[in-house]
Amino acid sequence: MNTTTLNDALNNGMFDSIDGGIDVMKMDVEGFEPNVIAGGNAFFESRLAPRYIFMEMVPDMMGEATAGRKERGKAMFQNVLIHLFNHGYELDDFSKGARSDLSLKENRFEDITEHLGTDIPQ
C-alpha cells in the first residue's frame, strides 16, 4: 500500500482540483492519528484546512500502532489534542453521555481525559 502525508499531498498538487475549502474530514486510521496530524501541519494551515474533523481517538491504539507500546498512547493522545488546538480546532464529544462543556481552550487535559475515560499520567 502506498501512503503519503497530507503535507506531501498538498505540496505535490494532489488537492489542486478542490475549489474553496474542505468542510468535513473523516479520519479512521486505527491509532495512527498522531502520524496523520503531525504529517499535516502545512495542510491544516492552508486554505484547504477542513472546518470539521471527525475521528475516534483511542490512546491505547495510538501507542500500539505508532510506538508498539500501549502506555505511550496517553502521551500521543495529549500531543494530538495540542496539535489540533494549535491549528484552531475545538473538541466535541459525540459519545453517549457527552458533555457539551469540554473545551481545549477552557479545560485541563486531566478534565478532558477523565471524561473520555483516559488517564494521562502525572
Side-chain angles (χ1 to χ4, degrees):
M1 173 192 307
N2 293 329
T3 61
T4 190
T5 66
L6 290 168
N7 286 349
D8 286 346
L10 178 68
N11 293 333
N12 292 328
M14 296 174 80
F15 299 115
D16 287 352
S17 63
I18 297 174
D19 292 326
I22 297 171
D23 290 323
V24 176
M25 176 185 211
K26 168 75 167 78
M27 188 183 313
D28 187 359
V29 293
E30 301 297 321
F32 287 96
E33 293 84 2
N35 301 67
V36 173
I37 299 298
N41 284 321
F43 173 80
F44 291 115
E45 295 295 323
S46 76
R47 68 171 179 81
L48 296 169
R51 291 183 61 199
Y52 302 99
I53 302 172
F54 290 92
M55 69 176 121
E56 176 185 31
M57 294 191 293
V58 180
D60 284 351
M61 287 178 68
M62 289 180 189
E64 193 66 40
T66 61
R69 297 177 25 215
K70 287 183 181 181
E71 63 273 9
R72 290 283 303 134
K74 294 172 184 172
M76 291 177 179
F77 174 77
Q78 186 174 6
N79 193 25
V80 167
L81 293 180
I82 290 168
H83 272 81
L84 292 172
F85 175 77
N86 287 340
H87 291 299
Y89 290 98
E90 186 51 89
L91 184 65
D92 208 338
D93 183 359
F94 293 101
S95 63
K96 186 177 179 182
R99 284 178 44 190
S100 61
D101 64 336
L102 288 177
S103 168
L104 292 174
K105 292 179 185 175
E106 305 295 328
N107 296 103
R108 299 175 314 131
F109 283 116
E110 293 82 7
D111 296 334
I112 293 169
T113 56
E114 179 181 318
H115 171 71
L116 299 175
T118 306
D119 296 323
I120 300 289
Q122 300 298 322

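We're numbering straight along the sequence, starting at 1. Source: prediction; values computed, not measured.
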Does one hydrophobic cluster hold both [X] and [Y], with members joined at side-chain heavy-atom distances below 4.5 Å?
| X | Y | result |
| --- | --- | --- |
| Met76 | Met61 | no |
| Val36 | Met62 | yes |
| Leu81 | Phe85 | yes |

Audit row: Glu33, Val58, side-chain contact (heavy atoms from CB on, under 4.5 Å) steps and yes/no: CA-CA 9 Å; Glu33 293 84 2; Val58 180; over 6 Å; no
Val80 and Pro34, any side-chain heavy atoms less than 4.5 Å apart: yes
Nearest-0.5 Å distance that lies between atom CG in Leu10 and atom CG in Asn41: 11.5 Å
Interatomic spacing from CD1 in Ile82 to CZ in Phe77 - rounded to 0.5 Å: 11.0 Å
Check: Asn7 main-chain N/O paired with Asn11 side-chain donor or acceptor under 3.5 Å: yes
Thr4 versus Asp8, closest heavy-atom pair with distance: OG1-CB, 3.3 Å
Contact summary for Leu6 and Phe15, nearest pair of heavy atoms: O-CE1, 3.9 Å
Please tabulate, for side-chain N and O atoms in residues 44-55, each donor-acceptor pair with protein atoms closer than 3.5 Å (sequence neighbours left out).
from, atom 1, to, atom 2, distance (Å)
Glu45, OE2, His87, ND1, 2.6
Ser46, OG, Phe43, O, 2.7
Ser46, OG, Leu48, N, 3.1
Arg47, NH1, Ile18, O, 3.4
Arg47, NH1, Gly20, O, 2.6
Arg47, NH2, Ile18, O, 3.3

Residue pairs passing the salt bridge (charged side-chain N to carboxylate O under 4.0 Å, His left out) test where at least one lies in residues 55-70, sequence neighbours excluded: Arg69-Glu71
Check against side-chain contact (heavy atoms from CB on, under 4.5 Å), Arg72 and Thr66: CA-CA 9 Å; Arg72 290 283 303 134; Thr66 61; over 6 Å; no
